[in-house]
Amino acid sequence: MPEAKETVLEINLGNLAHNYRFLRSKTDKEAKFLSVVKAHAYGSDSVEIAKKLEELGTDYFAVAYVEEGIRLRENGISKPILVLHPQPSHFEEIIEHCLEPNLYSQKTLESFVSLAERLNQKNYPVHIKLNTGLNRLGFDQSEIPRVFETIKNTNSIKIASVFSHLAASEDWQEREFTLSQIDLFRKMTWQLIENLDYEPLLHICNTSGVINYPKAAFSMVRTGIGLYGYSNDKTIDPHLKPVGKLKTIISQIRKLDPGASVGYNRAFKTEKESKIATLPIGHADGINRIYGKQKAGVFVNGKYAPIVGNVCMDIIMIDVTGIDCEEGDEVIIFGGPQHPVDFARAGGTISYELITGIQRRVTRKIIPE
Ligand SMILES: *Cc1c(COP(=O)(O)O)cnc(C)c1O
């Protein structure tokens with residue numbers, strides 16, 4: 001099928017393998033490795049990414065929602081899949097597809113147990129989320145005795161892991177808070193598991209946790225953003241390779257006299273004779289209006305070209321004055337000469353939002369290792 005336009009997100013599996021090996025080298029040898037592949041594997045392609053990670057030896061996967069886990073199962077992924085944010089209305093599908101729920105409240109715990117009992121499940125693997133200060137999902141310390149009671153009184157479920165999530169693992173100024181979260185996690189897990197006759201996995205570190213708090217690996221780490229090539233740390237970024245590279249081409253080039261305006265609301269006005277190129281990508285593809293008005297730019301034949309005027313739905317205009325280029329030439333938005341983190345920062349956002357926001361109408365192209 002011909003591509004509707006020439007905008008492509010290349011997904012480099014060799015770079016994924018490099019990042020995986022780097023992060024594993026930073027993780028305690030005894031700890032298991034969970035790969036977070038939620039949100040289409042951070043905007044790339046969850047099936048292709050998960051297949052590669054399975055081949056590389058990841059122990060576990062996590063997705064946010066049940067349908068993301070079902071998609072992996074339907075495409076042959078066989079490692080355990082933790083569903084981070086399920087709702088009781090999807091619990092039957094969880095069991096049907098051998099997914100493992102995060103149970104984060106008394107309501108989700110009791111509702112899963114009653115379903116598991118009704119379906120005659122024995123030792124169905126579930127994960128218990130503890131709130132240690134992020135105040136998002138999870139049980140508070142005061143609820144632990146009741147959680148223990150519920151677990152003790154059924155053999156329909158088995159605690160595969162107990163986990164928590166750090167609020168500011170990338171922020172050195174919040175180091176004390178992070179250490180207090182790790183400490184509270186240790187106390188709370190002990191309270192919960194000391195009277196169990198088996199040992200669940202314990203995990204609290206995301207990517208920045210792996211990098212900044214290596215002693216808190218417990219028995220598993222959960223990394224997302226690092227696998228895709230970003231670390232939230234300028235000194236670590238050079239060791240990682242962005243998996244995604246967003247490219248397009250020049251549709252048209254126009255020469256303008258000084259004083260001409262470009263695009264909607266005439267948001268850019270030329271001060272001198274200018275050469276403006278039009279690209280087939282816009283805010284409906286995930287390049288939001290925050291990148292317009294010369295906040296961010298792209299690369300054409302190795303040279304920086306700022307995005308001028310307002311970003312349109314399907315089009316952006318760039319200033320290529322003084323750049324040797326022609327219609328049809330390749331344009332690299334991020335992942336080439338420009339680190340995606342720098343592109344995101346230029347627009348006032350973070351890598352996570354940029355890469356998960358690239359819309360599905362942008363063709364994904366897998367580059368094998
Ligand atoms: C998304 C997510 C992660 C991954 O975090 P990164 O910073 O991308 O490594 C880990 N744990 C939970 C609970 C998450 O929601």
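First listed ligand is number 1; within each ligand, the first listed atom is number 1. Only heavy atoms go into these numbers, but all of them, side chains included; no hydrogens, no water, no symmetry mates.
- For ligand 1, the atoms sitting less than 4.0 Å from at least one non-hydrogen atom of Arg136 are 15 (O), numbered in the order shown with element in parentheses.
- Aromatic pair Tyr230/Tyr42: ring centres not closer than 6.0 Å.
- Comparing His203, His165, Lys129 against atom 12 (C) of ligand 1, the shortest heavy-atom distance belongs to His165.
- Geometrically, Lys32 does not engage Tyr60 in a cation-pi contact defined by less than 6.0 Å to the ring centre and at most 45° from the axis.
- The distance criterion of under 3.5 Å between nitrogen or oxygen atoms is not met by Val36 with respect to ligand 1.
- For ligand 1, the atoms lying closer than 4.0 Å to a non-hydrogen atom of Asn206 are 5 (O), 6 (P), 7 (O), 9 (O).
- A distance-only check finds no donor-acceptor pair linking the side chain of Glu353 to the backbone of Ala344 [under 3.5 Å].
- A side-chain N or O of Asn135 and one of Asn131 form a donor-acceptor pair less than 3.5 Å apart.
- Centroid-to-centroid, the aromatic rings of Phe163 and Phe218 stay 6.0 Å apart or farther.
- Checking only distances, Gly226 never comes within under 3.5 Å of ligand 1, N or O to N or O.
- In summary, the atoms of ligand 1 found under 4.0 Å from a heavy atom of Ile225, numbered by their order in the structure, are 6 (P), 7 (O), 8 (O), 9 (O).
- For atom 9 (O) of ligand 1, the closest heavy atom belonging to the protein is Thr207 OG1, 2.6 Å.
- With respect to Thr132, the side chain to side chain donor-acceptor pair (under 3.5 Å) criterion is satisfied by exactly one of His165, Gln181, Gln141: Gln181.
- Of the protein's non-hydrogen atoms, the one nearest atom 7 (O) of ligand 1 is Tyr352 OH, 2.7 Å.
- When hydrogens are left out, the protein atom nearest atom 15 (O) of ligand 1 is Lys38 NZ, 2.7 Å; that is the closest non-hydrogen contact.
- Ranking protein heavy atoms by distance to atom 11 (N) of ligand 1, first place goes to Arg222 NE, 2.9 Å.
- Exactly one residue among Ile49, Leu34, Leu53, Val36 makes a side chain to side chain contact (heavy atoms under 4.5 Å, CB included) with Phe61. That residue is Leu53.
- In summary, the atoms of ligand 1 found under 4.0 Å from a heavy atom of Tyr42, numbered by their order in the structure, are 1 (C), 4 (C), 5 (O), 6 (P), 8 (O).
- Inspection of the Gln87 and His90 side chains reveals no N or O donor paired with an N or O acceptor under 3.5 Å.
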